[in-house]
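Because the structure is predicted, anything quoted here is derived from the model rather than measured. So that the names make sense, note that chain A is the first sequence line, chain B the second, and so on, each numbered from 1.
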Number of protein chains: 2
Amino acid sequence: MSEQMMTEAAVSLLVERGIAGTTLAGIGERSGYSRGLVTHRFGSKAGLLAHVHDSIAAEWLRRVQAVVGRATGVAALQRVTDALYKFIVDEPKGLRAMYLLRYASIDPSAEYRANVAKLNKAHVRALTRWVEEGQAHGEIAAEVDAGLAAELFASVVDGLLYRWLVNPDIPVKELHGLMRAHIARALRAAQA
Amino acid sequence: MSEQMMTEAAVSLLVERGIAGTTLAGIGERSGYSRGLVTHRFGSKAGLLAHVHDSIAAEWLRRVQAVVGRATGVAALQRVTDALYKFIVDEPKGLRAMYLLRYASIDPSAEYRANVAKLNKAHVRALTRWVEEGQAHGEIAAEVDAGLAAELFASVVDGLLYRWLVNPDIPVKELHGLMRAHIARALRAAQA
DNA sequence: CCTTACTTGCTGGCGACAAGCAAGTTATAA
DNA sequence: TTATAACTTGCTTGTCGCCAGCAAGTAAGG
């Protein structure tokens with residue numbers, strides 16, 4: 001179906017030329033259709049971008065769920081970082097497109113912004129729950145503020161991806177290892 | 001002078017309407033000039049945005065240097081976070097505009113991108129040096145990979161600011177405290 | 001003939017560029 | 001010293017090309 005084709009064309013164009021450099025006509029034509037079909041289907045450029053973002057985000061969610069499984073506490077957070085590392089290696093283009101869109105949504109003119117804010121909050125909720133479960137099992141120190149730790153964890157992930165987008169040569173693998181170590185140490189220890 | 005006026009108009013428009021929503025004509029007129037002056041002065045929209053970014057970045061650099069002074073090691077990194085927190089409180093508009101531009105520069109179509117990459121590398125170099133100095137003084141564990149720790153620190157800062165941009169209600173103050181604590185614990189301890 | 005899938009024609013807005021104008025400022029020469 | 005000519009600076013206006021968005025239209029299958 002044309003939606004799928006156009007979404008794929010959009011991803012490749014986004015990675016090649018960025019958001020501003022990606023035109024609706026370009027997407028239509030690269031996917032073998034006319035210049036007008038994208039608008040017709042997705043209503044607007046923002047609508048298309050939201051669709052692209054959400055479809056990759058769904059794939060990311062699937063991966064995280066598969067890797068984390070029923071784990072909780074430190075193991076759950078570590079596995080999230082594992083999934084992240086794997087995603088970087090397996091599908092750099094998709095991840096790049098998703099974060100390109102996600103960072104662009106900071107822009108107040110992006111209607112899409114509220115969606116991303118909601119998504120971020122959902123992520124933090126899930127992370128918070130894992131931390132709390134770790135505390136319930138006695139694995140994670142009780143003094144840890146679960147919500148705060150979750151927010152910081154999410155920040156590290158987002159920040160790392162931003163830096164990777166700007167400079168793909170950063171030592172992603174080593175940073176992944178360092179994160180894993182930090183998670184364990186920070187959560188098991190006491191906290192201010 | 002008109003440059004200063006237009007830069008200020010640009011910052012306020014960027015915060016209000018974002019990059020896409022900010023037009024050159026709008027900047028020119030808000031600053032009391034004609035629609036064409038911005039292009040005439042800065043060559044292009046990208047040129048203007050680079051100028052806006054760099055002038056705020058210079059202010060940020062001044063602040064960091066003032067706060068860090070001759071400190072090194074853990075104290076230096078903690079004071080960077082202090083400066084960051086203070087900047088968020090003192091000049092949220094400027095910081096917001098700068099990071100809006102910095103994140104937008106991920107976009108491959110932004111010529112500006114190489115500049116930001118260079119800037120990021122310079123930051124990491126400074127951070128690395130502070131960590132190494134801390135190691136020389138025996139304050140920071142020798143096993144710590146200074147460059148890696150610096151990259152992770154920079155990621156946390158960037159990630160936090162991203163999250164703050166999307167959702168200004170996150171507990172910035174508490175996160176600042178948590179970061180301070182993490183820095184001390186992570187660097188003084190051994191590391192994988 | 002009616003729906004579904006797609007195309008084509010058109011418009012307004014914006015960035016970019018080029019030409020131009022007005023108010024200085026410096027140079028020149030009687 | 002002053003008149004005027006040559007040039008600069010700071011800014012404006014006219015115009016072009018590109019793109020998103022819209023509306024009308026076409027083609028093909030049931």
Side-chain angles (χ1 to χ4, degrees), chain A residues 1-55 97 100-101 104-113 115, chain B residues 1-55 97 100-101 103-115:
Chain A
M1 195 173 186
S2 60
E3 272 203 16
Q4 177 67 18
M5 302 292 288
M6 290 195 292
T7 303
E8 281 167 24
V11 170
S12 64
L13 277 169
L14 284 171
V15 171
E16 280 171 37
R17 307 189 195 168
I19 297 176
T22 297
T23 67
L24 298 182
I27 296 170
E29 278 150 21
R30 175 169 293 199
S31 56
Y33 297 94
S34 70
R35 62 184 175 75
L37 187 57
V38 181
T39 306
H40 188 77
R41 270 285 205 287
F42 296 100
S44 66
K45 187 171 186 177
L48 164 80
L49 296 180
H51 176 82
V52 170
H53 175 274
D54 291 349
S55 60
L100 209 57
L101 294 168
S105 79
I106 298 170
D107 203 295
S109 69
E111 325 138 28
Y112 193 48
R113 194 180 173 187
N115 286 31
Chain B
M1 196 173 184
S2 59
E3 271 203 17
Q4 178 67 18
M5 302 292 289
M6 290 195 291
T7 304
E8 282 167 24
V11 170
S12 65
L13 277 169
L14 283 171
V15 172
E16 280 171 37
R17 308 189 194 168
I19 297 176
T22 297
T23 67
L24 298 182
I27 296 169
E29 277 151 21
R30 174 170 294 199
S31 54
Y33 298 94
S34 69
R35 63 183 177 77
L37 186 57
V38 180
T39 306
H40 186 77
R41 270 286 205 289
F42 297 99
S44 66
K45 187 171 185 176
L48 164 79
L49 296 180
H51 176 82
V52 170
H53 174 274
D54 291 349
S55 60
L100 208 57
L101 294 168
Y103 287 130
S105 79
I106 299 170
D107 203 296
S109 69
E111 324 138 29
Y112 192 50
R113 194 181 171 186
N115 286 31

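- Within the structure, the side-chain hydrogen bond (donor to acceptor under 3.5 Å, both in side chains) test picks out the following pairs touching residues 31-44 of chain A (sequence neighbours left out): A:Ser2-A:Arg41.
- A heavy atom lying under 4.0 Å from DNA chain C marks none of the residues of residues 3-18 of chain B.
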Where do N or O atoms of nucleotides 12-19 of chain C meet protein N or O atoms at under 3.5 Å, pair by pair?
from   : atom 1 : to      : atom 2 : distance (Å)
C:dG15 : OP1    : B:Lys45 : NZ     : 3.1
C:dG15 : OP2    : B:Leu24 : N      : 3.2
C:dA16 : OP2    : B:Lys45 : N      : 2.7

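- The distance from atom OH of A:Tyr33 to atom P of C:dA5 is 11 Å, rounded to the nearest whole Å.
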Intermediate values then yes/no, side chain to side chain contact (heavy atoms under 4.5 Å, CB included), B:Leu37 and B:Met6: CA-CA 9 Å; B:Leu37 186 57; B:Met6 290 195 291; 4.0 Å; yes
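- Residues meeting the side-chain hydrogen bond (donor to acceptor under 3.5 Å, both in side chains) test with A:Asn115, sequence neighbours left out: none.
- Here the P atom of nucleotide D:dT12 and the CG atom of B:Leu37 are 6 Å apart, to the nearest Å.
- With sequence neighbours left out, the ring-ring contact (aromatic ring centres under 6.0 Å, His included) criterion links B:Phe42 to B:His51.
- Taking B:Glu8 as the reference, B:Gln4 meet the side-chain hydrogen bond (donor to acceptor under 3.5 Å, both in side chains) condition, with sequence neighbours excluded.
- A:Glu29 has its CD atom 13 Å from the C1' atom of C:dC6, to the nearest Å.
- B:Lys45 places no side-chain N or O within donor-acceptor distance of the main-chain N or O of B:Val38, the cut-off being under 3.5 Å.
- A:Arg30 is linked by a salt bridge (charged side-chain N to carboxylate O under 4.0 Å, His left out) to A:Glu16, counting only residues two or more places apart in sequence or in another chain.
- For D:dT13, neither phosphate oxygen OP1 nor OP2 lies less than 4.0 angstrom from any side-chain nitrogen or oxygen of B:Ser34.
- Under the side chain to side chain contact (heavy atoms under 4.5 Å, CB included) criterion, A:Ala104 pairs with A:Ile19, sequence neighbours left out.
- Regarding contacts with the backbone of D:dC11, a side-chain N or O of B:Arg41 is found under 4.0 angstrom from either OP1 or OP2.
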